[in-house]
Structure formats: structure tokens, C-alpha cells
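Notes follow the structure.
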Amino acid sequence: MTNAQIAAAFDEIADILEFQGANPFRVRAYRNASRTLGDFGESIEALVHEGRDLTEIQGIGEDLAGKIETLVKTGSLPQLVDLRAQVPKTVLALMRIPGLGPKKAAALYRELSIKDLDMLKAACEAHKVRELKGFGEKTEETILKGLSLAAESQKRIYWAAADEYAQALLKHMRQCKGIEQMEVGGSYRRGKDTVGDLDLLVVSSDVAAVMDRFGAFSGVAEVLARGETKMVVRLDTGLQVDLRVVPAESFGAALQYFTGSKQHNIVLRGRAKDRGLKVSEWGVFRGEKYIGGRTEEEVYKLLDLPWIPPELREARQEFEWAESGQIPELIEVADIQGDLHMHTNQTDGAATLEEMVEAAKKRGLKYIAITDHSKRVTMANGLDGARLRRQWAEIDKLNDRVKGIKVLKGVEVDILEKGGLDLADDVLAEADWVVASLHYGQNQPREKITKRLLGALENPHVSAIGHPTGRLLERRSGYDVDLDAVFAAAKEHKKILELNANPARLDLDDVACAAAKEHGIPIVISTDAHSTQGLETIRYGVLQARRAGLTKEDVVNTRPWSGVMRLIGRK
DNA sequence: GCCGTTTTCGGCCCGACTGTTTTCAGTCG
């Protein structure tokens with residue numbers, strides 16, 4: 001049983017309990033546990049088998065520890081089976097409609113026997129919903145609208161796409177007079193791989209002007225709310241954008257608050273309470289008295305903490321680090337010296353070898369590896385040994401005439417379905433850098449996938465594993481692989497794991513990267529560029545690395561190539 | 001359900017906005 005499966009079970013329990021109107025703190029305990037386990041760096045199943053004390057995990061007490069054990073050992077949980085019998089799964093979907101929480105959803109189920117979204121739609125159209133106590137005409141409309149938008153509004157967008165929106169929004173708002181300070185917060189500011197909505201924070205004395213300007217942003221389809229300090233719009237693409245206008249003395253507190261994460265804020269506010277203080281988006285208060293909040297630094301300082309970089313604010317280890325003065329000095333884009341994964345038009349890339357080299361040089365890179373696909377990747381016109389050697393001869397010639405950048409002879413060799421690699425060892429032995437990646441047979445069972453990856457890690461010519469989990473954000477979760485085994489093998493054979501910077505991949509993700517670091521495994525951040533513009537994506541990878549708490553030292557391509565060579569045992 | 005230099009019970013972050021009310025519950029972030 002994977003951590004994700006255990007997390008999902010607890011989340012489902014939380015959903016049902018919430019629907020049933022259980023103690024909200026009990027619900028939260030399940031949600032917290034779900035989150036903690038989902039983010040956990042080690043295999044919970046393994047911990048159980050080792051007989052470790054699970055209550056040492058923050059947020060796991062006697063009860064939940066017992067439930068985890070039951071889940072791992074029997075594959076199911078009697079409590080969850082019972083709960084499922086009480087509330088049909090389709091009923092829980094009601095709570096996913098914006099505006100419908102547990103109370104209203106329960107009322108619909110109880111009073112009108114509404115069991116799924118189709119019945120909800122019919123009831124709204126028959127105007128049965130507005131007759132319920134606490135419901136009205138507007139609620140009915142909101143539900144109908146929510147039903148038609150449900151799929152769209154739940155979709156999260158890549159961070160890279162959110163960045164485009166954010167930059168366009170800031171540019172639009174800068175035309176508005178009287179704005180003193182402005183920042184986009186939320187999961188965007190935390191650099192999360194996908195973003196659900198945008199939060200814009202503004203300091204201005206003319207709230208009405210700011211809100212009018214905000215409403216005029218291109219693509220605004222609907223104003224969902226407009227109050228004295230807060231306004232919410234939905235763009236025609238379904239993206240929701242929140243605006244808050246606050247006074248200057250609250251800017252730091254509001255930015256802190258709107259950056260989140262929610263979990264981070266709960267911890268922070270609990271900390272304030274311990275000190276007899278109160279933190280809200282308006283500032284830090286002792287009783288009624290404002291004592292600070294102009295900057296984020298001020299907010300953290302009043303709680304005896306150094307400023308914490310937004311990327312770390314997930315209520316994972318950041319408070320521990322902050323208290324002991326151990327916040328890592330996070331890697332920056334400027335630290336990157338080389339890019340060790342990219343393609344040319346010899347396979348499925350768009351640019352020639354020369355064009356890629358020129359673009360990389362322009363970016364200030366000191367070295368790059370050309371890593372086209374091997375022959376198994378027929379769709380991409382993958383290279384066999386002979387074609388690859390011809391490309392390498394080209395690279396030799398290129399290195400003779402191009403100065404200021406070193407071009408390495410590399411390959412992205414396919415890890416075959418039956419195990420083993422797609423190129424002979426004598427070919428691989430001539431490469432400077434070998435990325436081994438798994439592209440086919442992604443639906444194989446866990447044991448088989450893991451075995452294939454371990455086989456690649458054992459090959460002496462392999463330098464790194466490319467996009468180690470195969471996930472595609474919002475599309476597929478990645479193949480079923482025993483990452484602990486992969487980490488152990490990478491450590492044993494002194495291999496590197498990739499953080500693929502493609503905004504749709506970001507693989508390894510932040511949590512896995514942090515776990516790899518714990519295991520002492522070096523990470524390479526690579527663009528996997530298929531065009532010259534693809535080289536720009538490095539910043540998405542660096543952002544994800546920052547979320548993992550990685551420093552310059554943890555990432556191999558911050559070193560000169562000679563340093564990388566030593567690491568992979570080449571002369 | 002978790003947690004503890006105000007410990008084994010009684011807390012658990014805080015506020016804005018809307019709609020349905022006529023002072024507030026529910027939802028959201």
C-alpha cells in the first residue's frame with residue numbers, strides 16, 4: 001500500500017465525516033494526517049513492517065497509528081467500509097460544487113433525497129431547492145452555474161501558465177493610478193507546480209478605482225463578489241482571481257496570509273496564540289493593539305522567526321528549520337551552469353545541434369549535453385548506435401570551432417519494456433553523459449517497473465535517471481514505482497536523479513526531491529528542451545527544487561562540468 | 001482525533017462576503 005493510498009483513505013473518511021456534521025477538528029485531524037502521509041518522504045508501509053512507532057509522526061496519535069497498521073496489513077479499514085455504506089460516494093460530489101458545503105449538501109440529501117449531480121440539476125430546474133430552509137432563488141442559480149462549471153473550475157493550471165496570467169494582470173493593474181504596493185500571492189507565489197487561482201494584493205487609498213480597473217482585466221467573464229476590501233472574478237478560461245485591497249500597515253500581514261499555505265498559516269497563528277498575540281491579514285495584534293504587519297519580515301519577527309521563503313511554506317519542515325536557524329539557502333536560477341538533457345531535430349527536437357548550442361551559449365550556460373532519444377522511441381525517430389556515433393562526431397567538430405561552451409556527447413537511452421537498455425554498452429561507454437528514461441510499458445505492475453529502473457541504475461554507463469516517475473501534471477499520476485528502492489539503488493551505485501523542468505512534468509516533484517536529498521542523492525535539474533525556447537524552462541525546475549529545500553550544493557549542474565565528471569566517476 | 005513548561009481535558013486560525021435572514025449561518029480561502 002502506497003502513502004498516497006493511505007492518504008486517500010483518510011481523506012475519504014474526512015469527506016464523509018464532514019458531510020455527517022462531525023466535529024470539525026476531528027475532520028481536520030484526518031485531513032492533516034492525509035496531507036502528512038501524502039507528503040511523507042519514506043514508505044509508511046515499510047515503517048509498519050519495521051515495527052516503527054507511527055505516533056512519532058506529527059499529527060498521528062494512537063488511533064490513527066492503529067488505523068494505518070490495519071490499512072497496511074489488511075488492505076482495508078472497517079471504519080471506512082461502514083462510512084461508505086452510510087453515505088453514497090456520489091453524494092460527496094455535491095460538496096465539490098462551489099457554494100455547497102457539508103451543511104447544504106446534507107440538507108439536499110436529507111430533505112430532497114438528492115444522491116448525485118444529475119438529481120441536483122433536476123431539482124434546481126424544478127425549483128425544488130429554493131423552497132428549502134436556508135436556500136433561496138440565488139442559491140439555486142449558483143448551484144446550476146456551479147454544475148455547468150464544475151469540471152472547468154476544478155482544473156488547476158501549470159505554474160508556467162499562471163505566471164503568464166500573473167504578469168499580464170500586474171501589467172494591466174500598473175495602469176491604475178494610486179497603487180502603492182502590489183504582489184501576487186497564493187500558491188503561485190509559493191511556486192507550486194499547479195495553481196488553482198490567483199490572489200492579487202494591492203495597497204491603495206482608492207479602493208473603487210482599483211476594483212474598477214481589476215474588473216476591466218481582459219478575459220473577466222464574471223464578477224463573483226465585490227465587497228469593501230475584497231473582489232473576486234472568474235475569467236473566461238475558468239480561472240478565478242481574487243483581489244484584496246489593504247492599507248500599507250497591513251501589507252506584510254496580508255501578503256503573508258494570502259501566500260499561505262493554509263496549513264502554514266494555521267501553525268503560524270497557533271504560534272501567535274502561544275505568545276498572547278493574534279495574527280490576521282490586518283496585522284499582528286496584542287489584544288486590540290496593532291503591533292506590526294507592514295512587511296512579512298515584521299510578522300515573522302514578532303513570532304520570533306526569521307523570514308521564511310514562500311516556497312517552503314507548506315507546514316513541512318520550515319518551522320523546525322526557522323527555529324534552529326537552519327533555513328536552507330535555496331538554489332537560484334543564476335546558480336545553474338549547465339543543462340544536461342535536451343533534444344535536436346535528429347530526433348523529436350525542433351532545432352539543429354548548432355542552434356541549440358548557440359541558444360545555450362546565449363543563455364550563459366558553460367556546458368550542455370545533447371541527449372537525443374535512442375531507437376526504441378520510434379515515434380521520435382530515435383537514434384541507433386551508428387547514427388548516434390555520427391552525431392557525436394559532429395559534436396567533436398563543433399567543440400573544435402565553438403568557444404565559450406562545452407558540448408557533451410550524451411544520449412537519452414530508453415529503458416526497455418523487458419528490462420535492459422536500448423543501446424549496447426560499448427556505445428554507451430563512449431558517451432560523456434547518459435540519461436536513462438522509461439517511456440514505454442508505463443502500465444506495468446510496480447515490481448516490474450521498479451526492476452527496470454533498478455536495472456538501469458546498475459548499468460555502469462548510466463549517469464542519471466530522467467523524469468523518474470513519469471508523471472504528467474493534471475494528466476497522469478506517473479507509473480507505479482517503489483521510489484524507496486530507486487533511492488537506495490541510486491545511492492549504492494552513485495547515480496543522479498533528474499528534476500525535469502518541463503512545466504508539465506516537474507519530475508521528481510518537490511516531496512520526492514526532498515526525500516532524495518535525505519538519502520544523499522544528488523539531483524540534476526534539466527530542461528529536456530525540444531527547442532531553443534525550451535531552455536527557458538529551467539526556472540520552473542529551479543522553483544520546484546526550492547520547494548524541496550534544495551541548495552546549490554544539492555544540485556549537480558551548479559558545478560562546473562569537471563565537478564560533475566568527478567561525481568559520476570569519469571576522468 | 002491530536003496534543004501538552006498554564007498537560008490528560010479543553011482547546012484546536014481568522015476574517016470577508018453572500019444570501020437568507022432580521023442578527024447570522026454557511027462557505028471560502
Side-chain angles (χ1 to χ4, degrees), chain A residues 10 13-14 17-19 21-36 54-68 79 94-108 129-143 145-146 153 185-188 190 195-201 207 211 223-233 240-246 250 253-254 256-285 293 299 303 315:
Chain A
F10 284 168
I13 291 174
L17 289 176
E18 191 171 37
F19 181 84
N23 177 349
F25 297 106
R26 187 174 167 222
V27 174
R28 185 199 282 177
Y30 278 102
R31 295 239 188 264
N32 280 343
S34 169
R35 227 186 107 267
T36 304
L54 298 175
T55 63
E56 282 172 17
I57 302 171
Q58 188 62 234
I60 304 297
E62 293 289 336
D63 183 86
L64 290 182
K67 281 169 182 161
I68 293 171
Q79 179 198 17
L94 303 184
M95 292 194 291
R96 304 268 187 282
I97 303 294
L100 282 189
K103 295 288 192 300
K104 284 207 158 77
L108 290 167
V129 170
R130 64 176 66 175
E131 289 160 16
L132 293 181
K133 189 169 155 42
F135 291 73
E137 210 172 317
K138 286 282 180 80
T139 313
E140 211 171 63
E141 282 171 27
T142 308
I143 293 172
K145 215 183 299 172
S153 63
S187 51
Y188 168 72
R190 301 202 307 281
V195 172
D197 61 12
L198 290 181
D199 303 280
L200 180 68
L201 187 66
V207 178
M211 289 191 171
V223 176
L224 299 174
R226 179 169 171 160
E228 285 171 34
T229 65
K230 178 179 167 178
M231 180 164 164
V232 182
V233 301
Q240 185 174 312
V241 190
D242 295 12
L243 166 75
R244 286 292 288 261
V245 187
V246 299
S250 299
Q256 193 290 315
Y257 171 66
F258 287 108
T259 297
S261 66
K262 189 175 174 180
Q263 297 297 328
H264 177 92
N265 289 353
I266 287 175
V267 175
L268 199 76
R269 289 173 174 202
R271 208 181 153 89
K273 203 159 224 186
D274 292 343
R275 286 164 174 71
L277 304 174
K278 184 185 73 171
V279 175
S280 77
E281 58 262 55
W282 300 105
V284 184
F285 297 85
V299 174
L303 302 174

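Hydrogens, waters and symmetry mates are skipped; everything else that's a heavy atom, side chains included, is used. Residue numbers begin at 1 in each chain, while the letters A, B, ... track the order of the sequences.
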Please give the distance between the [atom1] atoms of [N] and [M] as a whole number of Å.
N	M	atom1	value
B/dT23	B/dC17	C1'	16 Å
B/dG11	B/dT7	C1'	12 Å
B/dG26	B/dT20	C1'	11 Å

Side chain of [X], heavy atoms from C-beta onward: which of [options] has the nearest atom to it?
X	options	value
A/Lys138	B/dG19, B/dC17, B/dG29	B/dG19
A/Leu64	B/dG1, B/dA16, B/dC28	B/dG1
A/Pro102	B/dT27, B/dG15, B/dC28	B/dT27
A/Ala29	B/dG1, B/dA16, B/dG29	B/dG1
A/Ala225	B/dG15, B/dC17, B/dG29	B/dC17

Conformer about C1'-N of B/dT21 - syn within 90° of 0, anti elsewhere: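 Chi for B/dT21 falls in the anti range.
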Could you check how far [atom1] of [X] sits from [atom2] of [N], rounded to whole Å?
X	N	atom1	atom2	value
A/Asp197	B/dC28	CG	P	13 Å
A/Leu17	B/dG1	CG	P	8 Å
A/Lys103	B/dT20	NZ	P	18 Å
A/Gln256	B/dG15	CD	P	14 Å
A/Lys133	B/dG26	NZ	C1'	13 Å
A/Lys145	B/dT18	NZ	P	12 Å
A/Ile143	B/dG19	CD1	C1'	12 Å
A/Met95	B/dG26	CE	C1'	14 Å

Where A/Tyr257 and A/Asn265 come nearest, the two heavy atoms and their spacing: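 Looks like O-ND2, 2.9 Å.
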Students often get this wrong, so: under 4.0 angstrom with heavy atoms, is A/Leu100 touching a base, only sugar-phosphate, or nothing?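 Result for A/Leu100 = sugar-phosphate.
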Counting the atoms with a prime plus P, OP1 and OP2 as sugar-phosphate, which does A/Thr142 contact under 4.0 Å by heavy atoms, base, sugar-phosphate, or nothing?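 It contacts nothing in the nucleic acid.
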Atom pair [atom1] ([X]) and [atom2] ([Y]), whose distance is rounded to the nearest 0.5 Å:
X	Y	atom1	atom2	result
A/Leu277	A/Arg269	CG	CZ	13.0 Å
A/Thr139	A/Leu132	OG1	CG	10.0 Å
A/Lys145	A/Ile143	NZ	CD1	12.0 Å

Under 4.0 angstrom between A/Lys230 side-chain N/O and B/dG15 OP1 or OP2: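 For B/dG15, OP1/OP2 do not have a side-chain N/O of A/Lys230 under 4.0 Å.
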Measuring to OP1 and OP2 of B/dG29, would you say a side-chain N or O of A/Ser187 lies under 4.0 angstrom away?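 No, outside the criterion.
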Quick one: salt bridge (Lys or Arg N to Asp or Glu O under 4.0 Å) partners of A/Lys104, sequence neighbours excluded?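 In terms of salt bridge (Lys or Arg N to Asp or Glu O under 4.0 Å), with neighbours along the sequence ignored, A/Lys104 is linked to no residue.
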Suppose we screen for salt bridge (Lys or Arg N to Asp or Glu O under 4.0 Å). Which residues come up paired with A/Arg26, at least two apart in sequence or across chains?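 So A/Arg26 forms no salt bridge (Lys or Arg N to Asp or Glu O under 4.0 Å) with any residue.
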Under 3.5 Å, which N/O atoms of the protein pair with N/O atoms of nucleotides 10-14 of chain B?
{"from": "B/dC12", "atom 1": "OP1", "to": "A/Lys273", "atom 2": "NZ", "distance (Å)": "2.3"}
{"from": "B/dC13", "atom 1": "OP1", "to": "A/Arg28", "atom 2": "NH1", "distance (Å)": "2.8"}
{"from": "B/dC13", "atom 1": "OP1", "to": "A/Arg28", "atom 2": "NH2", "distance (Å)": "2.6"}
{"from": "B/dC13", "atom 1": "OP2", "to": "A/Arg28", "atom 2": "NH1", "distance (Å)": "2.9"}
{"from": "B/dC13", "atom 1": "O2", "to": "A/Arg269", "atom 2": "NH1", "distance (Å)": "2.7"}
{"from": "B/dC14", "atom 1": "OP2", "to": "A/Lys273", "atom 2": "NZ", "distance (Å)": "3.3"}
{"from": "B/dC14", "atom 1": "O4'", "to": "A/Arg269", "atom 2": "NH1", "distance (Å)": "2.6"}

Tell me which of A/Leu132 and A/Leu224 sits closer to the 5' end of DNA chain B, going by the nucleotide each one is nearest to.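 The 5'-side residue here is A/Leu224.
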If each of A/Phe135 and A/Met231 is mapped to the nucleotide of DNA chain B with the nearest heavy atom, which maps nearer the 5' terminus, i.e. the 5' end?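 It is A/Met231 whose nearest nucleotide is closer to the 5' end.
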Any-strand Watson-Crick or G-U partner of B/dA25, both distances under 3.5 Å: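 In the structure as shown, B/dA25 has B/dT18 as its Watson-Crick or wobble partner.
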Side chains of A/Gln58 and A/Asn32 only: does a donor on one sit below 3.5 Å from an acceptor on the other?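 The answer is no; no qualifying pair exists.
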